[in-house]
Amino acid sequence: MDQYQLAECILQQAFVGPTPNTLVLSYLRHALSSQVVSYGAFLNALTKYEDVTRPLCTRTLLDLLNCYAAHVSCLGTPDSCLLLCKSLVLTVLWLLRCVSQAVEKLKESTEYADILRVTGEVLGKLLGNGQTRALLYVGRMEEAAGWGKLEQLQATLHDSIQNLGQSGLIVRDTANSLQQAFYQLQQLPHGKALSPPGQSHGHGALNSSIAVLSFIEATLNTTSDTQLFVELLLLIERLNKIPRPRLYAQVCQACFMGLIDSAETNDELKWTAFTFLKIPQIFQRLKTFTQEGKDGREEIYQGFELLLRLQPLIDKADVKNNCDIMAQLLQECAKKDLLADAQTKKLLDKRAIDRKNLKTKQDPPPSQPNPTLILRAEPTVTNIIKTMEADYSKNQDMILGVLGHMMSGKSFELITAAAATTGKLHMFASRLIKFNEFAKHSSGEGSKVSLSRAVLFDISFLMLGYICVMYGTEIVCTTSAGAGNEPFFETWVGQCLPIDQKCRPVENMAHPDPARVESLLTQINSGQEIKTSLQRWQDVCTNIPFAIQEILTAWENGALSADAVQKFCDNIKRHMCCLPVCIAAWLCSYMQGLTAPEREKPLKLLKHMLSPIQGDPTMNQYNERSSLMIHIIKKISGDLLSAKSSRLSGEAREGMGGAETGRQVYTGVFSRAMQQGWVDGRGICSADNMLSIGGAPWFCHCAVKEILKCSRREDLIQSVNVALALFQLDSEPAAVALLSHVLPALLLDPSKRELLCNPRGAALARLAVQCTAMAFLTQANDRRRNGKSRSRKRGRETDREYVVSPASSGSGKEDERPSKLRILLSAPENEAQNPAMQVNLPSYSSNEAPKLAAQISNVNFKEPLNHALVRLFQLFQDVLTDSSVGPHTAFVVSFVQESVRTGEQASKAILQFMPFSMLPALLQCSSGVFSPEDITLMGDLTLPMVRKVIAKAVCYYRPI
C-alpha cells in the first residue's frame, strides 16, 4: 500500500483536530504490525511533520516512533531495503531538528523538556540496535546530502545540550542520553563502531612479520621510501591487535637483532644506517597515525620503556657495536621531536643504570663505532654532492682528490650507506656517471693528464659497480632517463653485470673488435702498461673479455701453461681494476652453460682475478681500488666460487648437507622459527633461496603442510605468524599461489577436507586473507611508483627476462630449468606436482551482467591476484550452494570473516570479487556468525548496486 501513501494519509487525518486522534493512529499501528504499511513509508511520512507550534502532536509522533524504533526492518525487494536506509537517515535528521526546536522553546513550556527526554530514548534505541546502525551506515552513502545536514546540526547541538545539562534546565539523564547519541553518530560515518578484529594474538615475543619486514627493508630495500613499510606495520598492528608502544618496541628490537647478526658482514653498515637514520623517519610517519586522544610522543616513550626491559639484547648490541646504541637512537629521535627532553633524560638515566655492570671490549677500537660514523656521514653526503657538481673538466686532479679521499678506509661504504638510507644515492650515482663519461676518451692530452683520466675512469667505474651490487642496478640505470644517449656504464650494466645471482646471456653482449682485441693481447702479454694516451676506455672494457676468451681457449688446448695464464691475469690487474670486473662478469655468463668439468679452468681464471698483487706505485689509490674490485667480483660471482658444480645456493647447500631435500630444509627453517618465536636472518636467507629455487606454489604448499601439523590453538597462531612472515619475501606471488593452488586443492579433494576442521581451517583462512591484504598493499605501492617494483628481491622462477642463474648448468633451456630445480628440491612424493594443485576452476566472462562489485569498478581481471580471487570466490559459491555441509563450508565462512576483520579498506579490496548471489547463501550457512556491522564491510558502499545488496542482507539478518 506504499504506493498509495497510506501512512501519510493516516497521519494527516490524525492531526486534523487540536489534539492527535488516537483512533486514527491505532489504524496506523495496526497497518505497521500487519505489514500493510512498510517502516520506510511510515518514517518518510513522519519526517514531513514540522509544525513546532503543536508540541503535543510532536510528542505523540515520538511515542509512536519509540514503539517501533527497536524493530525497524524490511523484508521486501532490494529497492525497498535501500529506501528504508534512506528513510532512517532522514528520520534521525528529523529527530535532531526536534531537539533543536525544543532547545529554542525550552523556557516557554515544560512540554519541550519532555520532548527532549523522549527524543533521547528514541535515538538511543535506534543507535543502540546493531541492525539499525548498519542500515544507517548504508543510508549515509545513499542520502549523502541529508547526512551532511545531520552532521552539521549534531555539531551545533552538542554544546547546547552540554550547557543545558550543566545549568539544570534539563535533567542530567536526558543530557547524557542525547550526548551519547551524538557520540554514536560521530563514530558511525568512519566505521569506528564496526566490529573490532579478533582476539589478540600475543604481544610478548617479537612478531615474525615485523622481523622479516625489517630485514627486507634494511638489507634489500635500502634505497626505497618508507611509505609501504609503514603501511605494512600498521596492517600488522591492526591484524594482531598490537598496542602502538609495543609496535615501536618491536621495530627497535628487530633492528638491534639485525645489528648483532650482521656484525662484520657486508650488511653491517646497512643495518646501522637503517637503525639510526631511517627508524626516526619511520617513527615520524607512525606518529601521524596516532589515535585521537592519545599522545604520540608518550606512546614512543612507552615503547622505549618496553625496549629497555630487553637488557640482555641491548647489552649484546652495545658490545657488538662498541657503543651505547640506545643513547645514540634516543638522541636521533629527540632531534626529530619524537621525544621530549624530559622523556629522553629519563630513558638515558635508566639505560645508564643498566650499563654500569656491562663489560665492554678491553682493547680500544681501531676506529670510532659504526653508529657514530654513519651519523657523521649523513651531512657529509650533502657536502660531497655539492662538491661534485662543480666543473672539473679543466682540473681532474681536484676531483681525483675528492674521490680518493672517499676511498680511504671505510669512507666510501659509509657514504653510500648514508646516501642510500636518506634517498641521496641516486643523485650521488648520477655525478659518478658524469665523471665516468668524461673520462671515457679525450681528443688530445699529455701523458700525465691521460694517467689521471685513466684513474678517474677506473675509480668512478668501481664506485658505480659497488653501488650496483650492493643497492641495485636501478640506482644507476635511471640516471639518464630522457637524456638521449645512454651512458657507457649503464649500457655495460644492462648487457654484462650479473645481479642477485642472475647472469646476462653472452649473445647479448657487444661484439668484439678483432684489431683492438689483438692489441690488448699484445700489450698485456708483453707485460707493458696499457696505453693511456687517447685511450677509449669503454672500448677496452668491451673487448677485454674477448681477449681473456682467447687466453682461455689457448689454455684449454694446451697452447699456454698455467703460469703463463696467471702472469697474464696479474698484468691485467696491475694497472686498471675495472678490467678484472669486466672479465669476471663475462666469465659468470660464459660458465652458465658449461658442465662441471668444462668449468674447471674458467673458475681458476675467476679465482686469479681475486688474488691480490702488488700494484703499480704510479697509479693512485691502487690498494683501495683493488679492495673494491675484489668486493664486486665476490658479489657477482656468488656461488661459482663456493662450489664447482652445484645448482643450489650457498645457504641451501649448507642447510641440506648434500642429502636433504628442499622440503626438509624448509621444515628445518620453520621449526627453528617456531622454537625461538621469530624468523632470524639465517632463516630468512634460507627461505628466500627456497622460494627462488622452488617457486611460490611449492613454497606455499610447504608452509601450509607445516601449519596443518599443529593442533593446539597457540601453536596454530604461532605457525601462521611464521608462515606469514616468510611470505613477506614476495607477498604477491605467495598470495596468488595460496588462492590459485593450495586452497582449491584442499577444498576440492574430499580426502583432505578434514584438514580444514577448526581451528586449522580458521588458521589457514587467516593466513590466506592476511597475505592477500599485504599483497594488495604492495600492489598499490607499485602502482604509485608507476609500475616499478619497490623491492630488490632476487628473481623468482617466473622471472625469465633473458637471464639465467650462474649456479645452474645443463642444456641452457631457461623454460625447463625451474621445473627441474623443483623436482630436485621436492620430497619423493613430489607434492608440488600433485594433480589436485592444477585445478581448472570455472571461467569468468566479463561480458555478462554485473555479478560482483569488481565488475562495476572496472578492475583489471588480468592481474594475477585479481584473477585468482575471482576464481576462488566462484569456487566458494559452489561450496556454499552444495547440498553437503562440512569443514569446507566452515572454511569459506572463516575466510569471509577474516576478510571483514582486516578492516574496511582491506575487506573492500578482497570482497569486491565476491558474487552478489553468494552473500545470501553465506549468511544462511553462518547464522549468528556475522553481525550487521560486519555485513556492511562485505562490499564497497560507494557503489549503488552494492548498497542494494548490503541493505537487503542487513534487513534479512536474523541472529540465532
Side-chain angles (χ1 to χ4, degrees), residues 206 208 210-224 226 229 250-279 282 307 310 312-326 328-329 332 360-361 365-375 377-378 409-422 425 466-467 469-472 500 627 631 634-635 638 649-651 654-655 669 672-673 676 678-689 725 728-729 791-794:
L206 174 63
S208 296
I210 293 178
V212 174
L213 283 174
S214 299
F215 180 90
I216 294 172
E217 191 72 15
T219 61
L220 296 179
N221 296 337
T222 313
T223 60
S224 299
T226 59
F229 181 69
Q250 293 205 355
V251 171
C252 292
Q253 183 181 351
C255 291
F256 289 178
M257 292 168 59
L259 288 172
I260 294 170
D261 293 340
S262 65
E264 300 179 359
T265 67
N266 291 331
D267 291 333
E268 182 179 13
L269 291 179
K270 288 184 176 181
W271 272 109
T272 305
F274 177 75
T275 303
F276 297 99
L277 297 181
K278 229 172 190 180
I279 286 299
I282 291 168
L307 184 64
L310 305 175
L313 174 69
I314 303 174
D315 288 347
K316 189 172 183 180
D318 282 359
V319 172
K320 286 280 186 178
N321 291 269
N322 204 35
C323 69
D324 187 351
I325 62 171
M326 193 73 179
Q328 297 267 26
L329 183 56
E332 291 305 306
T360 56
K361 295 179 181 179
S367 62
Q368 291 182 319
N370 284 336
T372 302
L373 294 174
I374 279 289
L375 293 173
E378 181 189 10
K410 294 196 303 184
S411 296
F412 182 65
E413 290 86 345
L414 288 165
I415 289 169
T416 52
T421 307
T422 55
L425 188 59
Y466 176 87
I467 291 172
V469 298
M470 290 299 293
Y471 300 102
D500 293 334
S627 177
H631 180 86
K634 284 182 177 179
K635 290 289 288 185
S649 61
E651 291 88 347
E654 180 184 353
V669 171
R672 188 166 61 250
Q676 61 191 18
W678 67 86
V679 187
D680 57 18
R682 179 185 176 189
I684 294 171
C685 293
S686 297
D688 190 46
N689 284 314
Q728 299 311 307
L729 292 168
S791 141
R792 284 194 57 230
K793 302 180 184 76
R794 281 181 289 203

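Scope of the values below: all heavy atoms of this structure, side chains included, with no hydrogens, waters or symmetry mates.
Between Pro371 and Ile325, the shortest heavy-atom contact is CG-CG2, 4.5 Å. The nearest pair of heavy atoms linking Leu329 to Thr275 is CD1-O, 3.4 Å. Closest of all the heavy-atom pairs between Tyr471 and Ala417 is OH-CA, 3.3 Å. Nearest heavy atoms, Leu277 versus Leu375: CD2-CD2, 3.8 Å. Nearest heavy atoms, Leu213 versus Gln728: CD2-OE1, 3.7 Å. Nearest heavy atom pair, residue Gly681 against residue Asp261, reads N-OD2, 4.3 Å.
Taking NZ of Lys316 as the reference point, atom CD1 of Ile260 lies at 5.5 Å (rounded to 0.5 Å). Residue Arg672 holds its CZ atom at 5.0 Å from CZ of Arg682, rounded to the nearest 0.5 Å. Separation of atoms CD (Gln368) and NZ (Lys410) is listed at 10.5 Å; rounding is to 0.5 Å. Between the CD1 atom in Ile210 and the CH2 atom in Trp678 there is a gap of 13.0 Å [rounded to 0.5 Å]. Interatomic distance, Asp324 CG to Asp318 CG, rounded to the nearest 0.5 Å: 5.0 Å. From Ile314, atom CD1 reaches atom CD of Gln253 across 9.5 Å, with rounding to the nearest 0.5 Å.
In this structure the side chain of Met326 reaches within 4.5 angstrom of the side chain of Phe256, judged on heavy atoms. Between Met470 and Glu413 there is no side-chain heavy-atom pair separated by less than 4.5 Å. Contact annotation: the side chain of Met257 never approaches that of Asp680 to less than 4.5 Å [non-hydrogen atoms, C-beta and beyond]. Contact check for Leu373 versus Thr272: no side-chain heavy atoms found under the 4.5 Å cut-off. The shortest distance between side-chain heavy atoms of Phe276 and Asn370 does not fall below 4.5 Å.
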Steps toward side-chain contact (heavy atoms from CB on, under 4.5 Å) verdict (Leu259, Lys320): CA-CA 8 Å; Leu259 288 172; Lys320 286 280 186 178; over 6 Å; no
Phe274/Ile282 under side-chain contact (heavy atoms from CB on, under 4.5 Å): CA gap, chis, key distance, verdict: CA-CA 10 Å; Phe274 177 75; Ile282 291 168; 3.9 Å; yes
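Looking at Lys270, its side chain does come within 3.5 Å of a backbone N or O of Thr219 through a donor-acceptor pair.
For Lys635 and Tyr466, the positive end is not near the middle of the six-membered ring at less than 6.0 Å and at most 45° from its axis.
If you check the side chains of Gln328 and Thr372, you find a donor sitting under 3.5 Å from an acceptor.
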